Amino acid sequence: MQLQSLKKNVVRTVAANKRAAEQSCLSLLEACDARCKFVQLQAHILKLGLRNNPLVLTKFAAISSELNAVDYASSFVFSPDADSRLYDAFLFNTVIRAYAQTGDLKEKALVLYNAMLRCGVLPNKFTYPFALKACAGLGSLSLGQTVHGSAVKFGFDDDVHVQNTMIHMYCCCGSGVKYARKMFDEMPKRDSVSWSAMIGGYVRLGLSTDAVDLFRRMQIAGVHPDEITMVSVLSACTDLGALELGKWVESYIEREGIQKNVELCNALIDMFAKCGDVDKALKLFRNMSGKTIVSWTSVIVGLAMHGRGSEAVSLFEEMIRNGTVPDNVAFIGLLSACSHSGLVDKGKGYFSLMTKEYQIVPKMEHYGCMADMLCRAGLVNEAVAFVQKMPVEPNPVILRTLVSACRAHGKLRLGETISKSLISNEPTHESNYVLLSNIYAKMSRWENKTKIRKMMGKKGMKKTPGSTMIELDNEIYEFVAGDKSHKQYKEIYDMVDEMGREMKRAGYVPSTSEVLLDIDEEDKEDALNRHSEKLAIAFALLNTPPGTPIRIVKNLRVCSDCHSATKFISKIYNREIVVRDRNRFHHFMDGLCSCKDFW
DNA sequence: ATAGGGTTAG
C-alpha cells in the first residue's frame with residue numbers, strides 16, 4: 001500500500017536528515033485518511049522526534065478535524081510536556097478552526113483563543129474569522145462582543161473578511177442584529193459578501209421583508225450579487241410566499257448571467273414549490289444536473305405540501321434507484337408526504353425501512369410524522385399506543401397532535417387529560433389552553449371554557465397574532481385580525497360583510513365555538529369575520545379582475561372556520577384561492593379544497 | 001501555509 005511505503009520512507013530518511021524527515025512526515029500526514037489509524041500517526045510523530053515541530057503538529061491538527069478527533073489532537077498538541085515556546089499563530093488558528101467547525105465543541109475554540117493570548121502568541125488576521133465563527137455557532141452575543149473588542153485592540157477590525165464575519169456573527173446572535181446592521185452601515189467598503197451576510201442574516205431571523213429591501217438597496221448601490229446572494233434572496237421569497245417576486249428573481253438571475261449552481265437550483269426549486277407552483281419546481285428539478293439529496297428532498301417536500309403524496313413517494317423510490325442514499329431529512333419529508341395524503345401503510349413501511357435498512361435512529365420529528373399520520377387517519381388509539389411505545393418521551397408538539405385528534409374523533413376525556421398535563425408542563429404556551437378550551441366547547445362545558453380564558457388572561461401570555469400576506473402589483477400587503485391600518489379598510493370591511501351575507505345564503509354556518517373570547521354569539525361571528533385570511537381575501541376580491549386566482553399566505557395554520565368559509569367564497573365569487581398555511585397548501589375551487597378536509 | 005456570505009425538515 002502507498003501508505004506503507006510512505007512510512008518506510010519516513011523511517012529510512014529520519015536517521016540521515018531531520019529536514020527530510022519533516023517533509024516525509026508531512027507527506028504521510030497528507031496521505032492520511034479516515035482509514036488510517038490516527039493514533040499510529042501520533043506514535044510515529046513521537047518516534048521521529050517531531051513532538052515539538054510546529055509544522056507537523058499543525059498538519060496533525062488539521063487532519064484531526066476531518067476525522068472528528070479534534071479533541072484528541074488538541075490534547076496531544078497542547079499537552080503539558082510539549083514545548084509551548086514553539087506554539088505559533090498558525091498552529092492555534094488550525095485548532096481553533098477545527099473546533100469552530102465541530103458541532104458541540106465550539107466553546108473550546110474560544111478557550112483556545114484565550115489560551116493563545118495567555119501564551120503571548122499574537123493573533124493574526126486569520127484568527128478572527130475562526131474565533132468569530134465559533135461565537136456565531138454558539139449564538140453568544142457577549143462572547144462575540146469580547147472577540148470583537150479584541151480584534152479592535154490588535155488592529156484587525158478594518159479587514160473586510162473580519163468585518164464580514166462580524167456581521168455574520170452578530171446576525172447569529174438574535175438581538176445582535178442591530179449591531180450587525182450598524183457595522184454594515186458604517187463599513188467604508190462593502191463587497192458582495194458583506195451584502196450577502198446581512199441579507200442572509202435577516203432571512204435567518206425571519207425578517208424577510210428587510211432582506212428584500214436590502215437586496216433592492218444593493219442593486220442601487222451597484223454591487224453585483226453572486227449566486228450566494230441570490231440563494232438568500234430566494235429564501236426570503238420562499239418565506240414570504242411571494243411567487244411574483246420569486247419569478248422576478250429567477251429572470252434577474254438569467255438576465256445577469258449569475259451561475260446557476262446546484263445550491264441555487266435547489267433554492268429555486270424550494271421557492272417555486274413553497275410559493276405554490278410545484279409543477280414549475282418539478283420542471284426545474286427534472287432539468288437540473290448534479291442533483292443532491294437536498295434537491296430530491298426539496299421537491300418531495302414540495303409535493304407533500306400540495307397533498308400530492310403518491311407522487312412524492314414515487315420520487316423517493318426513483319431517488320433510491322438513482323443511487324442517492326436518503327438521510328433523516330429525506331425521511332421526514334417522505335413520512336410527512338404519507339401523512340398528508342393518508343398513506344398510512346406506506347408510511348409504516350418506510351418508517352421500518354428507515355430504521356432497519358438505513359440504520360437511521362428515528363428522531364422526534366420522525367415519531368411526530370408517524371403520530372400525525374395515524375391521527376389524521378382517525379386511528380387515535382393506535383396513535384396513543386405508538387406514542388406510549390416510543391423509546392423517548394414525546395415532546396409537546398406530538399402531544400398537541402394527539403389532543404387535536406382526540407377532539408376531532410370524540411375522545412374528549414383522553415384529550416382533556418393530555419391537555420391538562422400539557423398546561424402544567426408548559427404553562428406559558430398559548431395553544432395548550434386553546435386546545436383544552438376547544439375540547440370543553442365540544443363537551444359543552446361552558447363554565448370550564450370561561451375558566452380557561454380567565455387563566456390565560458392572568459398568565460399574560462403573548463399570543464402569536466395570526467397574519468396573512470398577499471402580493472399585489474409588486475407590493476406585499478400584510479393583514480392581521482381586525483386590521484384597520486390599510487387605506488382601503490372601510491371598503492374591505494364592507495366587502496367582508498357582503499361576503500358574510502352571501503356565504504350564509506349559500507349555507508355557511510360560522511363556527512363560533514372556535515372563538516375563545518367570552519362575548520355574545522353575534523360578536524363572535526364578527527370576530528371570525530375579521531380574521532386576517534378573510535380581510536386579505538376581501539382585499540383581493542376588491543383589487544383583482546374577476547376570475548383571477550387569489551394567492552394568500554398565512555403565518556399559522558388556517559382555522560377551521562376560515563377553511564370552510566374559503567370553500568364558499570371560491571364558489572360564490574368563482575375564484576381559485578390558493579392558501580399556504582404553516583403546514584401545507586390548500587387549493588380552493590368551486591366550493592372544494594384540495595386537502596379534502598384532511599389537514 | 002490558514003479567511004468571509006448560501007440550499008432540504010420541524
Side-chain angles (χ1 to χ4, degrees), chain A residues 26 30 54-55 58-59 61-62 65 88-98 100 123-133 136 156 159-169 171-172 180 184 187 190-204 211 218 225-236 238 260-271 273-274 281 285 288 291-302 304-305 319 326-337 339 363-369 372 395-398 401 582-583:
Chain A
L26 288 174
E30 197 85 61
L55 256 185
T58 303
K59 198 81 204 174
S65 88
D88 62 5
F90 187 25
L91 178 58
F92 273 108
N93 287 352
T94 306
V95 185
I96 291 171
R97 176 180 60 172
N124 62 20
K125 61 177 177 174
F126 300 117
T127 311
Y128 288 96
F130 297 144
L132 289 164
K133 220 173 177 174
F156 292 112
D159 183 290
V160 70
H161 290 256
V162 174
Q163 289 178 347
N164 288 340
T165 324
M166 279 185 189
I167 292 174
H168 176 73
M169 177 277 290
C171 285
C172 290
F184 178 83
M187 275 172 83
R190 289 181 281 263
D191 62 11
S192 68
V193 178
S194 325
W195 288 91
S196 300
M198 198 64 228
I199 293 172
Y202 276 142
V203 177
R204 251 177 290 116
M218 181 180 184
D226 61 12
E227 64 275 15
I228 297 184
T229 321
M230 298 323 289
V231 168
S232 286
V233 175
L234 282 169
S235 203
T238 308
K260 283 211 267 179
N261 63 7
V262 174
E263 289 81 358
L264 186 50
C265 287
N266 292 345
L268 276 167
I269 291 169
D270 186 47
M271 182 277 290
K274 289 195 190 137
F285 172 78
M288 82 179 278
K291 297 178 183 68
T292 63
I293 184 75
V294 177
S295 329
W296 290 95
T297 307
S298 303
V299 74
I300 288 170
V301 168
M305 282 183 80
M319 177 182 88
D327 62 5
N328 68 322
V329 181
F331 273 106
I332 293 171
L334 175 70
L335 293 175
S336 85
S339 169
K363 295 207 289 188
M364 198 59 83
E365 287 84 353
H366 300 102
Y367 291 120
C369 285
D372 194 51
N395 67 3
V397 179
I398 294 182
T401 305
R582 190 121 208 89
N583 295 331

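A, B, ... follow the sequence lines: proteins, then strands. Residue 1 opens every chain. Fair warning: this is a prediction, and the values are worked out from it, not measured in the lab. The figures that follow rest on heavy atoms only: side chains count, while hydrogens, waters and symmetry mates do not.
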Need one value for [X]: base, sugar-phosphate or nothing, where a base atom within 4.0 Å counts as base even if backbone is also close, heavy atoms only.
| X | result |
| --- | --- |
| A/K133 | sugar-phosphate |
| A/D372 | nothing |
| A/T229 | base |
| A/N124 | base |
| A/S232 | sugar-phosphate |
| A/D270 | sugar-phosphate |
| A/T58 | nothing |
| A/V329 | base |

query = Do A/V193 and A/V160 come within less than 4.5 Å of each other through their side chains, counting heavy atoms only?
reply = no
Whole angstrom is fine here: how far is it from [atom1] in [X] over to [atom2] in [N]?
| X | N | atom1 | atom2 | value |
| --- | --- | --- | --- | --- |
| A/N583 | B/dA9 | CG | P | 12 Å |
| A/L234 | B/dG6 | CG | P | 15 Å |
| A/I332 | B/dT8 | CD1 | P | 13 Å |
| A/I300 | B/dA9 | CD1 | P | 12 Å |
| A/M218 | B/dG5 | CE | C1' | 10 Å |
| A/I269 | B/dT7 | CD1 | P | 15 Å |
| A/F285 | B/dT8 | CZ | P | 16 Å |
| A/I167 | B/dA3 | CD1 | P | 20 Å |

Between [options], spot the one nearest the side chain of [X], thanks.
| X | options | result |
| --- | --- | --- |
| A/K363 | B/dT2, B/dA9, B/dT7 | B/dA9 |
| A/R97 | B/dA9, B/dA3, B/dG6 | B/dA3 |
| A/H161 | B/dT2, B/dT7, B/dA3 | B/dA3 |
| A/F130 | B/dG6, B/dA3, B/dT8 | B/dA3 |

Between the side chain of [X] and the main-chain N/O of [Y], is any donor-acceptor distance below 3.5 Å?
| X | Y | answer |
| --- | --- | --- |
| A/T401 | A/V397 | yes |
| A/N328 | A/F331 | no |
| A/N124 | A/T127 | yes |
| A/S339 | A/L335 | no |

key: All side chain to side chain contact (heavy atoms under 4.5 Å, CB included) counterparts of A/D226, not counting sequence neighbours   = A/S192, A/S196, A/I228, A/T229
inquiry  = Side-chain N or O of A/R204 versus OP1/OP2 of B/dG6: is the shortest distance under 4.0 Å?
reply    = yes
inquiry  = I want to check one thing: is the phosphate of B/dA9, taken as OP1 and OP2, less than 4.0 Å away from some side-chain N or O of A/K274?
reply    = yes
ask   = Is there a donor and acceptor pair closer than 3.5 Å between the side chain of A/N328 and the base of B/dG10?
value = no
query = Looking at B/dG5, does its base get a donor-acceptor pair with the side chain of A/D226 below 3.5 Å?
reply = yes
